[in-house]
Structure formats: structure tokens, C-alpha cells
Chemist: 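Supplied in C-alpha cells, the structure appears directly below.
It should be emphasised that the depicted structure is a prediction, and the values quoted were computed from it without experimental measurement.
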Amino acid sequence: MRITLLLVMAIVLVPGCKPNSTVTENEPAAAPEPEKRPNLLKRKTQEVVDKNKVMAENPALIEVENKVTGNDPLSTALTGYIAASSRVNVLNFQRQIDLMKATEDRNPTYQEIVDVIKQNNMEFNALPDYQMFAYDETTGGFGILEDPDAKKAFYDQVK
């Protein structure tokens, strides 16, 4: 399993080759390509949403715990990486919240959480576009919310 994971990671991280292109005098120069977003493995985020607010705006959101899934070695390795890194991010930040709660004998507010993230320059491994990190100040819980409609649209686009 380790060898498969290492092989998959090497394949994902090795940049692809671009064919040589030349522009002749008769051809107009092509417009520059828009800047590509880094792949999911390299992206970091500081974005955490207020769970109560976004749930009120979109009641279809569900709280999830990322798990390893996949039908082939590549997708299994990628979902395994996302699941492990998001779980580590959630557990580490939940520990920070618990420490804040213990010192002040109350749950930190959403704004206090945002301030802590910015002051300490904390970064989380990015989630897929249909998921987001969320903080619930009423319970002091930190987790991941998923939009099932956005997930379906994402998978339909990939097909």
C-alpha cells in the first residue's frame, strides 16, 4: 500500500510536458492562458465559515467526516490524503478551541477564531470546492460542511 501511495503521489506531483509551440508571422499570438489554480495537494486556506450562518443560508449543507473512498489506486490515494489531512486539521484546531474554552470558561466567538487564524498565520490543507471548514460558536465545534448539490455538479462536470 505504501509503494502504491508513493507511486501515485509521484505521478500526481510530476509536472506534465508541454508541446513546443511556435508562432509564425502569419498567425496572431495566442492570448495568455489564465493563471491555473494549484492542485488540491498544494493549496492551503485560512477560510473558516460560521456554521450557523451558512446553515441558515443553505439548509442543504451537511456535516461530514472525510473518509477514504475510491475505485482505483489513484482516486483512493487522493481521497486518503484529503481525508487524513482534513482530519488532522480538524483535530488540531479543535484542540486550540478547547484550550481557549478552558482558559476563558466559554466557547470562543466566530470572530475570535478568525482573529486567531490570522494572527498565527494558520493554514489548513484545502478541501474540495464543495466542502468548507466551519466553526459553531454555540457548541465550540470545528468541522467540515459539504454542499451535496455542489458535489453532484462537480462530479457531473468531471464525467
Chemist: Check the hydrophobic clustering (I, L, V, M, F, W, Y; side-chain heavy atoms under 4.5 Å; chains of links allowed) and say if Phe154 and Leu61 are grouped together.
Modeler: no

Chemist: Could you see if Tyr135 belongs to whatever hydrophobic cluster contains Val116? Use Ile, Leu, Val, Met, Phe, Trp, Tyr and a side-chain cutoff under 4.5 Å.
Modeler: yes

Chemist: Does the side chain of Gln96 come under 3.5 Å of the side chain of Asn92 through a donor N or O and an acceptor N or O?
Modeler: no

Chemist: Quick one, Thr45 and Met132 - any side-chain contact, counting heavy atoms below 4.5 Å?
Modeler: no

Chemist: Can you see which heavy atom on Gly140 is nearest to which on Asn107, and at what distance?
Modeler: N-ND2, 3.4 Å

Chemist: Under 30°, 30 to 60°, or over 60°: which ring-plane class applies to Phe142 and Phe133, parallel, tilted or perpendicular?
Modeler: parallel

Chemist: Find out if a path of hydrophobic residues (ILVMFWY) with successive side-chain heavy-atom gaps under 4.5 Å connects Phe124 to Val90.
Modeler: yes

Chemist: Where do Asn125 and Lys44 land on the side-chain contact (heavy atoms from CB on, under 4.5 Å) test, with the steps shown first?
Modeler: CA-CA 5 Å; Asn125 292 339; Lys44 301 287 184 186; 2.4 Å; yes

Chemist: Taking Leu145 as the starting point, is it possible to reach Val114 by hopping between hydrophobic residues whose side chains are less than 4.5 Å apart?
Modeler: no

Chemist: Can I get a per-line list of side-chain donor-acceptor pairs under 3.5 Å for residues 46-58, giving both atom names and the distance, sequence neighbours left out?
Modeler:
unit_1 : atom_1 : unit_2 : atom_2 : d
Gln46  : NE2    : Asn121 : OD1    : 3.1
Gln46  : NE2    : Met122 : O      : 3.0
Asp50  : OD1    : Asn52  : N      : 3.3
Lys51  : NZ     : Glu63  : OE1    : 2.7
Asn52  : ND2    : Asp136 : OD1    : 3.0
Asn58  : OD1    : Ala60  : N      : 3.2
Asn58  : ND2    : Asp147 : OD2    : 3.4

Chemist: Give the C-alpha distance, both sets of side-chain angles, the deciding distance and a yes or no for side chain to side chain donor-acceptor pair (under 3.5 Å) between Asp115 and Gln111.
Modeler: CA-CA 6 Å; Asp115 292 343; Gln111 190 57 49; 3.0 Å; yes

Chemist: Under 4.0 Å between a Lys/Arg side-chain N and an Asp/Glu carboxylate O for Lys101 and Asp105?
Modeler: no

Chemist: Is the backbone of Val64 close enough, under 3.5 Å, to the side chain of Glu146 for a donor and an acceptor to pair up by distance?
Modeler: no

Chemist: Please tell me whether Phe93 and Leu127 are part of a single hydrophobic cluster in this structure, the criterion being side-chain heavy atoms less than 4.5 Å apart.
Modeler: yes

Chemist: Taking side chain as C-beta onward, heavy atoms only, is Arg106 less than 4.5 Å from Glu137?
Modeler: no

Chemist: Rounded to the nearest 0.5 Å, what separation is found between the CD1 atom of Ile62 and the NZ atom of Lys151?
Modeler: 7.5 Å

